[in-house]
2 protein chains.
Amino acid sequence: MNRTAPREDRRQLLLEEAARLFDAHGYDRTSVRQLADAVGLQSGSLFHHFDSKESILLAVLEHTIELMIERLAAAAAAPGDSRQRLEALIRAELELLHGATRHGVAVAFFQWRSLSTQSQQQILKLRERYETIWLEALELAHRDGLIVTDPFLTRRLLTGAHGWTIYWYRPDGSLDLDRLAEEVGRLLTRQ
Amino acid sequence: MNRTAPREDRRQLLLEEAARLFDAHGYDRTSVRQLADAVGLQSGSLFHHFDSKESILLAVLEHTIELMIERLAAAAAAPGDSRQRLEALIRAELELLHGATRHGVAVAFFQWRSLSTQSQQQILKLRERYETIWLEALELAHRDGLIVTDPFLTRRLLTGAHGWTIYWYRPDGSLDLDRLAEEVGRLLTRQ
DNA sequence: GTCTATATTTGGATAGAC
DNA sequence: GTCTATCCAAATATAGAC
């Protein structure tokens with residue numbers, strides 16, 4: 001059975017706890033001692049697994065964005081016309097932002113500035129694969145007359161609108177995620 | 001002549017430089033030594049003007065949000081129908097984000113999490129006055145059938161879309177600010 | 001009101017035993 | 001692979017002279 005090896009378990013656990021802490025307090029205000037505590041290690045022991053604190057953030061981001069690409073690609077691959085595809089992507093991104101993956105995704109949206117310039121470039125390259133999926137769907141929607149603003153511009157505005165939901169949207173409130181996705185879709189496409 | 005006193009000049013200069021540095025590097029990665037350097041002081045001398053590093057961030061935010069309220073209120077007070085008012089507010093917010101006020105406004109959007117919980121509450125109260133102006137305009141637009149999504153939801157999505165422009169929009173590029181504002185307006189209102 | 005000097009804490013990271 | 005112990009740098013903030 002495809003059971004993860006203990007070695008990978010430990011690393012995976014650390015990445016999850018790191019995502020949670022970086023999301024809750026910000027990368028800069030999270031100490032390596034807090035990270036170590038969260039996985040039941042002494043701070044020095046962390047450096048057996050990672051070269052530096054920054055490399056932990058980098059690993060969180062890489063892992064998270066790979067996952068984002070996977071989920072978004074799956075949503076884009078579902079059958080349907082351009083409207084249905086666009087709705088699927090909106091729904092997928094909101095699920096990434098508010099489902100089980102939320103901590104890592106929040107970090108991906110709002111903590112990348114704590115990386116060195118070099119690491120930022122590296123992450124940007126990864127992120128481009130994610131954005132390409134979006135752009136293809138938006139260009140299709142544009143050709144079909146579903147959206148009238150430029151796809152590139154539309155995506156950038158949408159990125160901000162979606163990312164910001166982290167700061168106000170609670171899926172257990174009166175507006176459920178399906179409904180939010182629907183409203184975003186209405187706003188984006190012909191009303 | 002209403003000339004600012006030297007005492008106020010110094011404080012004002014520090015707030016401007018602090019906004020610039022906090023915007024460029026983030027509050028947490030800006031040291032008091034850098035702040036002091038930027039205004040030609042030794043680090044210890046800063047504490048004659050401010051109680052703590054956090055109180056500098058708080059002062060930047062208070063000053064900036066007061067200014068945001070002022071500008072937004074002015075835009076809202078201009079004559080015109082609900083569509084024109086909405087367009088004026090969009091334009092005003094984008095000017096705040098990309099004009100001379102941009103550093104402070106960027107800090108207001110993305111650095112508030114570095115404040116203590118108490119200070120965050122304080123800033124939130126101030127910010128509510130800003131948001132009230134938006135909500136009134138959006139409710140008007142909603143009554144006139146200009147927008148169909150809930151005004152409150154619309155504002156939250158718009159906040160994110162606008163704030164995120166910090167990370168990609170450059171007013172000296174091919175898309176000027178008037179044009180961007182126009183596109184945002186198109187997206188928001190009936191297309 | 002600014003300086004110099006420094007107290008004090010905390011942070012990331014390393015060394016070497018086990 | 002983890003622990004203990006600790007190094008070292010950097011940070012915020014303070015004290016007291018000028």
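In what follows, every chain begins at residue 1, and chains take the letters A, B, ... in the order their sequences are listed.
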Grab the [atom1]-[atom2] distance between [X] and [N] for me, whole Å please.
X: A:Arg10; N: D:dC3; atom1: CZ; atom2: C1'; answer: 13 Å
X: B:His48; N: C:dT2; atom1: NE2; atom2: C1'; answer: 9 Å
X: A:Phe50; N: D:dT2; atom1: CZ; atom2: C1'; answer: 16 Å
X: A:Leu41; N: D:dA5; atom1: CG; atom2: C1'; answer: 17 Å
X: A:Arg11; N: D:dG1; atom1: CZ; atom2: C1'; answer: 15 Å
X: A:Leu46; N: D:dG1; atom1: CG; atom2: P; answer: 14 Å
X: B:Leu57; N: D:dA11; atom1: CG; atom2: C1'; answer: 16 Å
X: A:Gln42; N: D:dC3; atom1: CD; atom2: P; answer: 5 Å

Do you know which of B:Arg102, B:Arg155, B:Arg71 makes salt bridge (charged side-chain N to carboxylate O under 4.0 Å, His left out) with B:Glu93? B:Arg155
Ionic contact status for B:Arg186 with B:Glu182, cut-off 4.0 Å: no
Scoring nucleotides 11-18 of chain C by protein non-hydrogen atoms under 4.0 Å (B base, S sugar-phosphate only, - none) yields BBBB----
Could you tell me whether the phosphate oxygens of D:dT2, OP1 or OP2, come under 4.0 Å of any side-chain nitrogen or oxygen in A:His49? yes
Would you find more than 12 non-hydrogen atoms of other residues, nucleotides or ligands less than 6.0 Å from A:Tyr169 atom OH? yes
